Amino acid sequence: MSLPPGRSRTLALVAILLAAFIDLIDVTILNVTLPSIQEDLDASPAELQWMLSGYTLALGAGLISGARLGDIAGRKRVFLIGVIGFTAASALCALAVSPEMLVASRVVQGLFGAAMVPQVLAQIQVMYAPHERGGPMAAFASLAGLAATLGPILGPLLTEADLGGTGWRLVFWVNVPTGIAAAYAAVRLLPESRAPQAPRLDVPGVLVSTAALLLVLYPLIAASEETHWPGWATGCLLAGGAVLAAFVAQQRRAERRGRTPLLEVTLFRYRSLYGGLLVQLLFFVPVMGYFMVVMQFLQVGVGMGPIAAGLTVVPWSLAVAVFAGLGAAVLMPRIGRLTVQAGLVVLALGLLLMAVTVAEDATTATGFGAMFWSVLIGGAGMGLVVAPLIQLTLADVPPAQAGSGSALFNTVTQLAAAVGIAAIGTYYFSRIRETAAGAATPEALADGIGDGFRDTLLLNAALLAAALAATFLLPRRATAAPGPAPRDGAAPVETAGRAAG
């Protein structure tokens with residue numbers, strides 16, 4: 001079932017892309033406004049990390065379940081539930097009177113986002129014939145770059161606008177009219193569809209995997225408040241690993257008994273897939289940690305306002321968009337895996353150059369001019385990685401399983417984002433706490449914050465070196481795997497475009 005060509009179908013496409021955009025931009029826009037939230041709500045470093053990672057954790061843990069629910073209950077219905085819930089949760093974020101309320105509202109946002117996002121590309125497949133999907137798919141893929149570019153600009157502008165004394169809350173209030181408009185258009189224009197043979201939702205798998213992720217992430221974030229790494233945190237991590245192993249075993253049993261597991265364990269027999277997931281994990285953890293930490297450094301350490309801090313990182317976002325296109329369209333067909341490897345090297349060089357800049361100029365002298373080249377180089381490196389990596393990851397996966405592989409890739413992306421914010425953020429804040437305790441003068445404190453940021457950048461560069469080593473698990477070229485073509489609606493529609501942001 002598809003809409004007839006014309007204005008109605010175009011408006012329906014705009015509606016679902018608008019919903020996807022507010023989900024994507026909610027991470028990039030919040031990074032810039034966190035220092036304002038910290039000051040207004042008196043939030044601790046751990047609470048700031050939960051505001052980001054709580055959202056990405058809920059989103060990542062729920063993406064596959066959201067896709068299954070759309071197949072079972074109807075993609076239009078689940079999309080509307082997601083949009084309406086996301087909009088209501090945005091209003092709760094804007095009304096938050098404490099860090100705990102904001103964290104809880106962000107988790108709710110992520111859960112409804114997990115219902116909304118998987119339906120977007122599925123709806124494109126319903127509304128458009130195969131030969132018509134190129135334009136809508138390209139529009140969806142471009143949203144991630146657009147969000148990365150506009151987030152650092154819109155966040156400060158909305159915060160500084162302070163309409164009605166809202167301050168940072170306006171960042172969330174703008175989601176409300178946008179979400180209402182998307183929901184209204186979806187009710188009027190979107191077709192309803194279900195999978196002809198919808199798999200059942202693996203509720204035990206959802207519960208066990210969520211418990212494992214919480215056991216891993218909670219100590220990484222909560223330990224940022226401790227002077228030394230606590231023993232209970234090690235215990236939680238070990239318990240999380242054990243529960244994760246139990247989850248994998250449970251998924252294998254479900255698969256052997258002919259049930260539909262949450263995670264298709266058999267996908268891991270494809271070397272390109274498990275290699276690509278490992279690269280994405282080692283790549284995205286330092287990148288997402290960097291995004292959070294650099295805004296803390298520029299605003300709290302250097303003393304920049306939100307607009308100046310946002311403009312400082314805009315070259316990164318622009319470079320990502322330009323070099324993602326260059327990597328996917330020009331370099332990938334010619335040099336294959338070397339594109340990703342070159343991108344990781346360039347990204348690491350950008351971070352190392354930034355570390356040198358911070359070491360030489362401390363914090364108070366660091367600004368747009370001093371950081372321009374390191375920011376630009378880092379963004380160029382990230383752009384060379386994001387687009388080609390998913391192609392290489394799915395290279396060995398048969399087309400019939402490409403949808404599951406794409407969904408798994410995006411889930412790992414979101415979980416890596418949560419881990420990056422938790423682990424890298426905790427390391428940075430622990431270094432800053434040590435500095436603050438030993439600083440005798442404001443100048444010593446400023447230098448110490450610069451040292452903490454530098455050490456965090458060096459840690460990120462080391463993780464990128466590990467990602468580079470893992471790239472040798474990837475195929476040299478992204479060639480299509482043999483196998484039957486996927487049925488309509490089962491192509492890699494879950495999330496391929498999200499990885500570009």
Side-chain angles (χ1 to χ4, degrees), residues 1-26 28-29 63 66-67 69-71 73-87 90 112-151 153-154 174-195 321 324-325 328-329 387 403 406-407 410 486-501:
M1 177 176 60
S2 61
L3 288 174
R7 184 167 176 265
S8 294
R9 186 170 67 167
T10 301
L11 290 175
L13 175 65
V14 170
I16 59 177
L17 292 181
L18 190 62
F21 179 73
I22 60 175
D23 159 64
L24 286 165
I25 203 170
D26 248 42
T28 59
I29 203 170
L63 278 172
L69 287 173
D71 290 341
R75 298 178 182 115
K76 176 179 178 177
R77 178 181 300 174
V78 175
F79 177 80
L80 283 170
I81 291 171
V83 172
I84 293 169
F86 188 93
T87 303
S90 296
F112 281 107
M116 174 178 70
V117 170
Q119 318 314 322
V120 174
L121 284 177
Q123 283 288 1
I124 289 176
Q125 287 200 327
V126 170
M127 295 191 298
Y128 291 85
H131 68 277
E132 298 177 305
R133 292 174 188 159
M137 292 290 190
F140 178 79
S142 68
L143 289 180
L146 185 63
T149 302
L150 291 181
I153 301 172
L154 286 179
V174 295
N175 288 347
V176 176
T178 306
I180 291 172
Y184 176 77
V187 169
R188 297 287 303 273
L189 300 170
L190 277 186
E192 184 58 283
S193 66
R194 293 176 175 83
S406 180
N410 190 69
R487 68 180 184 275
D488 195 27
V493 300
E494 256 67 61
T495 46
R498 292 182 58 87

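All values derive from a computational prediction rather than experimental measurement.
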For [X] and [Y], work out which heavy atoms get closest and say how close.
{"X": "Pro191", "Y": "Lys76", "result": "O-CB, 3.5 Å"}
{"X": "Leu80", "Y": "Ala186", "result": "CD2-CB, 3.6 Å"}
{"X": "Gly113", "Y": "Pro118", "result": "O-CD, 4.2 Å"}
{"X": "Phe112", "Y": "Ile81", "result": "CD2-O, 3.5 Å"}
{"X": "Val83", "Y": "Gly179", "result": "CG1-O, 3.4 Å"}
{"X": "Met116", "Y": "Asp23", "result": "CE-CB, 3.8 Å"}

Contact check, side chains of [X] and [Y], non-hydrogen atoms, under 4.5 Å:
{"X": "Leu154", "Y": "Ile25", "result": "yes"}
{"X": "Leu13", "Y": "Gln123", "result": "no"}
{"X": "Leu190", "Y": "Met127", "result": "yes"}
{"X": "Val120", "Y": "Phe79", "result": "yes"}

Nearest 0.5 Å, what's the [atom1]-[atom2] distance between [X] and [Y]?
{"X": "Tyr184", "Y": "Ile180", "atom1": "OH", "atom2": "CD1", "answer": "12.5 Å"}
{"X": "Thr87", "Y": "Ile22", "atom1": "OG1", "atom2": "CD1", "answer": "5.5 Å"}
{"X": "Leu18", "Y": "Leu11", "atom1": "CG", "atom2": "CG", "answer": "11.5 Å"}

Is the backbone N or O of Glu192 less than 3.5 Å from a side-chain atom of Arg75, with the two atoms forming a donor-acceptor pair by type?
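No, Arg75 side chain to Glu192 backbone: no donor-acceptor pair under 3.5 Å.
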Check whether Gln119 reaches the backbone of Gly66 with its side chain - one donor and one acceptor, N or O, closer than 3.5 Å.
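Between the backbone of Gly66 and the side chain of Gln119 there is a qualifying donor-acceptor contact (under 3.5 Å).
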Determine, stepwise, if the pair Asp26 / Phe86 fulfils side chain to side chain contact (heavy atoms under 4.5 Å, CB included).
CA-CA 11 Å; Asp26 248 42; Phe86 188 93; 3.9 Å; yes
